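As the structure is a prediction and not an experimental result, all values here were calculated from the model. Along the sequence shown, residues are numbered consecutively beginning with 1.
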Amino acid sequence: EYRTLLISLCLLLCCPAAGQAAPTVDTRLPGIEPPMLRAEFWIARMALPQQVMLTPQEILQFNAAITAAMPQIVVDFEAWPDALTGAALRQKLMADRLPRGSERYSRGAPVGGGFYDKLEQNMNLAGVRENNPVSWGFTVRRTDLRTFPTDVPSSESDESDDFDLFQETAVNIAEPLAVLHRSADQRWFYVQMCNYRGWLRAEDVALAASRTDWQVRRNPAAFVVITGVKVAPRESVMGKAVPDWRAGMGTRLSLLGRESEGYSVEIPHRNADGTLFWRKAWIHGKADVATGYLPYTRAAVIRQAFKMLGEGYGWGGFGDGHDCSSFVMDILAVFGIRAPRNADQQERVPGRQVALRNVSDVAGRYALLSRQAEPGATLHMRNHVLLYLGQYNGKHYAIHDLGSYGDVNNPHADGSLPRVEVMGVVVSGLDLHLRSGRQFAEVLTSANVWK
């Protein structure tokens, strides 16, 4: 029920109209001047933009604090058991209820009870034992984490599957995970990642020989981090084709060394029997990557955010895009910060929080942001998260992955505003209006400085 409520509310901010594909993103929103669409514009207005906010050791401590505050959301793999009891595994498998009784469609056709009967059978609850050993693996390609073991979409509209309610999140290559369970048809693994749980296609996962081997590979001594929106391998080396793969921002790959024209790395591959082996791969020397995590500075956070300016919106990674919370999560990953996946969870991260719920007037809210928030802080409202940029000419601005806003120049008779579709990463003022007629600044619930 919570997920349905979240999706219904997210339609106002983050979802295309039924049957419509996401348009080319227009980054020129009301009140936004061309210079404001560059990261350096905002960095030049910051105090101490290059100051390191957290050292690598402090980031480890911060990650531990996040896990301690929300252990069911961001897990500590070091403390994860080698096996789950039947009761514990069933509880996890049944955390998401099949939407029986809800009006759902798939590929334009209504979904009936028979579909859910088969889906429940494929969840293989009958296969849960008193003691259930955990396996350990890595993703071998960018893939999708699903609520249930099926590729079949589930939509509230009979006109479009663009907003697939069974889509949880996109998962990058080389993501370490624990395999907790297998579907009845053996085509799906129920997995735990560091900050999410759900079903992955078995063909997209390779299993390590042991937990010890997995641990060594999970924490390589040297690694590269993808700092671009997406990076693909070099097309060839010495005239020979190389493994085909791609990785999104925040992906960490084991580094073998620097070569004359780039980096040699290792990527996980899957044998025919599902076991893991590692294969050498190459990244061009001019690719947008870093050796090790980037220093955690305000300037670096803003530069990472602006790399995604104009990127199209995608719920749960749909269409190879980002939604508002994965936009934040992937930015922070390049600094080694393990952020929760969803916007409401990110609001609860134990950073330096600025409460706004009980501040009724907009002027008071702006005053609090001026005194206590910093560029790079997250701004939160119900089911949406923005990245704060700061002030310019007395107004406050953010960069975020936005679905739509309200057209204040053409109000309806009831005071509501027509929907202006955006569907992508944009810079906007906090005086932008929702379709309800209220400004974003009026509905912010908090700000969070991640340190």
Evaluate whether atom [atom1] of [X] has more than 12 neighbouring non-hydrogen atoms of other residues, nucleotides or ligands under 6.0 angstrom away.
{"X": "E78", "atom1": "CD", "result": "yes"}
{"X": "Q91", "atom1": "CD", "result": "no"}
{"X": "Q186", "atom1": "CD", "result": "yes"}
{"X": "R187", "atom1": "CZ", "result": "no"}
{"X": "D273", "atom1": "CG", "result": "yes"}

Contacts of S446 meeting side chain to side chain contact (heavy atoms under 4.5 Å, CB included) (sequence neighbours excluded), chain-then-number -> E347, H380
By side chain to side chain contact (heavy atoms under 4.5 Å, CB included), P375 pairs with (sequence neighbours left out) M46
Can you sort out the partners of [X] under ring-ring contact (aromatic ring centres under 6.0 Å, His included), two or more places apart, ordered by chain and number?
{"X": "F62", "value": "none"}
{"X": "F277", "value": "H269"}
{"X": "Y296", "value": "F335"}
{"X": "W450", "value": "none"}

In this structure, CG of D76 is separated from CD1 of I66 (nearest 0.5 Å) by 12.5 Å
query: Do we see a donor-acceptor contact under 3.5 Å between the side chains of S183 and N124?
result: no
query = Do the side-chain N and O atoms of R142 and T251 include a donor-acceptor pair separated by under 3.5 angstrom?
reply = no
Side chain to side chain contact (heavy atoms under 4.5 Å, CB included) with S106: of V111, D164, T150, only one passes, and it is V111
Pi-cation contact, Y263 with R258 (under 6.0 Å, within 45°):
yes
- Message: Determine whether W80 and Q192 satisfy the following criterion, side-chain hydrogen bond (donor to acceptor under 3.5 Å, both in side chains), listing intermediate values before the conclusion.
- Response: CA-CA 10 Å; W80 197 262; Q192 174 71 62; over 6 Å; no
